[in-house]
Protein chains: 2
Amino acid sequence: MSAASQSRPLRADAARNRQLLLDAAAMIFAEHGMQASVAQIARQAGIAKGTVFRHFPTKDDLVAAIVCDQLDYLSAAGTALSDAADPTAALLEFMTSVVELQTRDRSLCQAAVGIFQDNQEIQACADRLTKITEILTERARLQGGIRGDVTGQDVILLLRGVYQAAAPLSDRQPTLWRRFLAVVFEGLRSPAAYPLPLPAPDLFRSPLGDGQSPPGARAPTSLQIRDDRGNSEEP
Amino acid sequence: MSAASQSRPLRADAARNRQLLLDAAAMIFAEHGMQASVAQIARQAGIAKGTVFRHFPTKDDLVAAIVCDQLDYLSAAGTALSDAADPTAALLEFMTSVVELQTRDRSLCQAAVGIFQDNQEIQACADRLTKITEILTERARLQGGIRGDVTGQDVILLLRGVYQAAAPLSDRQPTLWRRFLAVVFEGLRSPAAYPLPLPAPDLFRSPLGDGQSPPGARAPTSLQIRDDRGNSEEP
DNA sequence: TAACAAGATGACCGACTGGTCCGCTTCTCT
DNA sequence: AGAGAAGCGGACCAGTCGGTCATCTTGTTA
């Protein structure tokens, strides 16, 4: 969909093999994560390994093609919810979609944020996803459904956490993430008992040293998140 | 500390090298995760690769030695808090310790739960950690500081999620996890707006088919966690 | 149908992994 | 001091990885 319309249309067999390859890669990556080998994918697709590299110069390019598809899918899902009547319910539904897809596809969870910060294509897709998440979050915030100090980047990072929390038991309790999503969403709801500590995350700007712990920025809470502990030696 | 007191005491140079090796491994694993190569660790320790395998028959044994130390450290921290005056504050402090250590040591996050389910030694340490977490959680629950349907295993899995959520930005915002821990802890607090869906996680028993989604077990909430979506095709 | 370019192939490459092994060194004990 | 055992070093092994390339096949087009 992206690099196919360059110059000539693909020859029939090439187009067929490319699709076989994409399907196989999506399946293998979903099952084994992106550390699955190219040879394994080629075997699954029923084509030779050299053919894989003809279609995608590097393995990262193949991963990017798969991951971008998934990220775009989520962006589309978010966009479809961006004018829902109930913004808070829409945000929850969006969050559900994101974790659900992560659970189905293990490669996505490694790609969702920052892991591929060197891959331009994935970055662009991730940026789009972050943007629509920001929109959904702001609508819910304005509605008062979630606390005022939560950002879209909080949401997207927390969704990664929800998936990862449930991942160890994904075999035996494949829907456990719903439970953890409920906990996290509860934590995002209004009214906030205590303000969140620290400035919000920033996936894009602040390449380094954005003043990530400005003095006095920590909120005073009765149940303070502990700042430091006296031990400097290892156990 | 574990296999050293077998038969003879180590020779002086062996003991020295063993300590060099453990220190180097802890540092390298903390920095690069447990996928760091044995050669890299040997290089860091200034000893030959063969010597590594003399002290630890396999890489997994080396990983286990490091990880068990960390898990035991956390268990001890939890035990020290198990009779604190304010159980809810104690639980939060314990949770802070856990995420903090995960942030410092990337190997721990992969080991905390279930990843090493085949390694007896790590399993034993993880079980102890889970047990003390359960105790701390129950005390906070009885105090009314956290909602009644939260278990210790919820807590330990969520802590993994908190770390993972903040991990992508750990370079630029190394204390971001405090923010996410605050969100999650807020979600655990009493009073619960809605009951948590699904039965609690179970790390040990239920090797399979413990009825992980019994009909009607899902809680009725106004903002329901969506159960299923109609699309069966990929994007 | 014939010629040619696009595509497919799989042996091959170098880099890397965890792990082994044997000759050499060094510590310890008498 | 000297013997013997414990420990060490690093070449080596088999396996895997991503990636390349010369050669063969096949779809397309004149």
Side-chain angles (χ1 to χ4, degrees), chain A residues 3-25 28-29 31-67 107 110-111 115-116 118-119 122, chain B residues 3-25 28-29 31-67 107 110-111 115-116 118-119 122:
Chain A
S5 55
Q6 202 81 346
S7 60
R8 293 278 184 84
L10 283 177
R11 224 170 68 176
D13 55 344
R16 187 183 343 117
N17 276 344
R18 184 187 165 90
Q19 195 54 51
L20 283 173
L21 174 55
L22 284 173
D23 292 347
I28 296 289
F29 282 147
E31 192 169 351
H32 300 98
M34 68 182 188
Q35 77 276 16
S37 74
V38 173
Q40 192 177 358
I41 292 166
R43 211 178 309 126
Q44 169 74 27
I47 64 181
K49 199 176 67 167
T51 307
V52 178
F53 288 99
R54 159 165 278 268
H55 287 278
F56 300 94
T58 72
K59 183 185 179 180
D60 278 353
D61 291 320
L62 175 56
V63 171
I66 304 292
V67 167
S107 67
Q110 303 169 314
I115 308 297
F116 290 117
D118 48 348
N119 186 306
I122 291 185
Chain B
S5 55
Q6 203 81 347
S7 59
R8 291 278 185 83
L10 282 178
R11 224 172 68 176
D13 54 345
R16 187 182 345 117
N17 276 344
R18 183 189 165 90
Q19 195 54 51
L20 284 173
L21 174 55
L22 284 173
D23 292 346
I28 295 289
F29 282 146
E31 192 168 350
H32 299 99
M34 69 184 187
Q35 78 276 13
S37 76
V38 174
Q40 191 177 358
I41 291 165
R43 211 178 310 128
Q44 169 74 26
I47 63 181
K49 200 176 66 167
T51 308
V52 177
F53 287 101
R54 158 165 280 268
H55 287 279
F56 300 95
T58 72
K59 182 186 179 180
D60 278 353
D61 292 318
L62 175 56
V63 171
I66 303 291
V67 167
S107 67
Q110 303 168 315
I115 307 297
F116 288 116
D118 47 348
N119 186 307
I122 291 185

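The chains referred to below are lettered A, B, ... by the order of the sequence lines, with proteins before strands, and numbering in each begins at 1.
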Using side-chain contact (heavy atoms from CB on, under 4.5 Å), reason through Asp13(A) and Arg16(A) one step at a time and then give a plain yes or no.
CA-CA 5 Å; Asp13(A) 55 344; Arg16(A) 187 183 343 117; 3.6 Å; yes

Starting from [atom2] on [N], measure out to [atom1] on [X] and report it in whole angstrom.
X	N	atom1	atom2	value
Leu20(B)	dG9(D)	CG	P	10 Å
Met34(B)	dG18(C)	CE	P	12 Å
Arg54(A)	dG19(D)	CZ	P	16 Å
Gln35(B)	dG18(C)	CD	C1'	15 Å
Leu62(B)	dT17(C)	CG	C1'	15 Å
Ile41(B)	dG10(D)	CD1	P	18 Å
Arg43(B)	dG18(C)	CZ	P	11 Å
Phe56(B)	dC8(D)	CZ	P	12 Å

Please check this pair: side chain of Lys49(A) against backbone of Ile41(A), looking for a donor-acceptor N/O pair closer than 3.5 Å.
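Not at all, since once roles are kept as given, no pair shorter than 3.5 Å links the two residues.
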
Polar side-chain atom of Asn17(A) near backbone of Ala14(A) as donor-acceptor pair, under 3.5 Å:
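The answer is no, because no donor-acceptor pair under 3.5 Å joins these two groups.
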
Report the C-alpha distance between Gln40(A) and His32(A) in whole Å, list the side-chain angles of each, state the deciding distance to 0.1 Å, and finish with yes or no for side-chain contact (heavy atoms from CB on, under 4.5 Å).
CA-CA 10 Å; Gln40(A) 192 177 358; His32(A) 300 98; 3.5 Å; yes

If you take all heavy atoms of [X] and [Y], which pair is closest and at what distance?
X	Y	result
Gln44(A)	Ala24(A)	CG-CB, 3.5 Å
Ile28(A)	Ala36(A)	CG2-CB, 3.4 Å
Ala25(B)	Ile66(B)	CB-CD1, 3.9 Å
Phe56(A)	Ala65(A)	CE2-CB, 3.8 Å

Mind checking whether Val67(B) and Phe29(B) have side chains closer than 4.5 Å, heavy atoms only?
no

Verify the contact: side-chain N or O of Asn17(B) to OP1 or OP2 of dC8(D), cut-off strictly under 4.0 Å; return yes or no.
yes

Below 4.0 angstrom from OP1 or OP2 of dC8(D), is there any side-chain N or O of His55(B)?
yes

The side chain of Ile47(B) lies closest to which of these nucleotides: dG9(D), dG7(C), dG18(D)?
dG9(D)

Overall bend of the helix from dT1(C)-dA30(D) to dT30(C)-dA1(D) (five pairs an end, 10° steps) is 0°

Counting primed atoms plus P, OP1 and OP2 as sugar-phosphate and everything else as base, spell out the protein contacts along nucleotides 19-30 of chain C at 4.0 Å heavy-atom distance: B, S or - for each nucleotide, 5' to 3'.
BB-----BBS--

Ala36(A) near the nucleic acid: base, sugar-phosphate alone, or nothing, with a heavy-atom cut-off under 4.0 Å?
sugar-phosphate

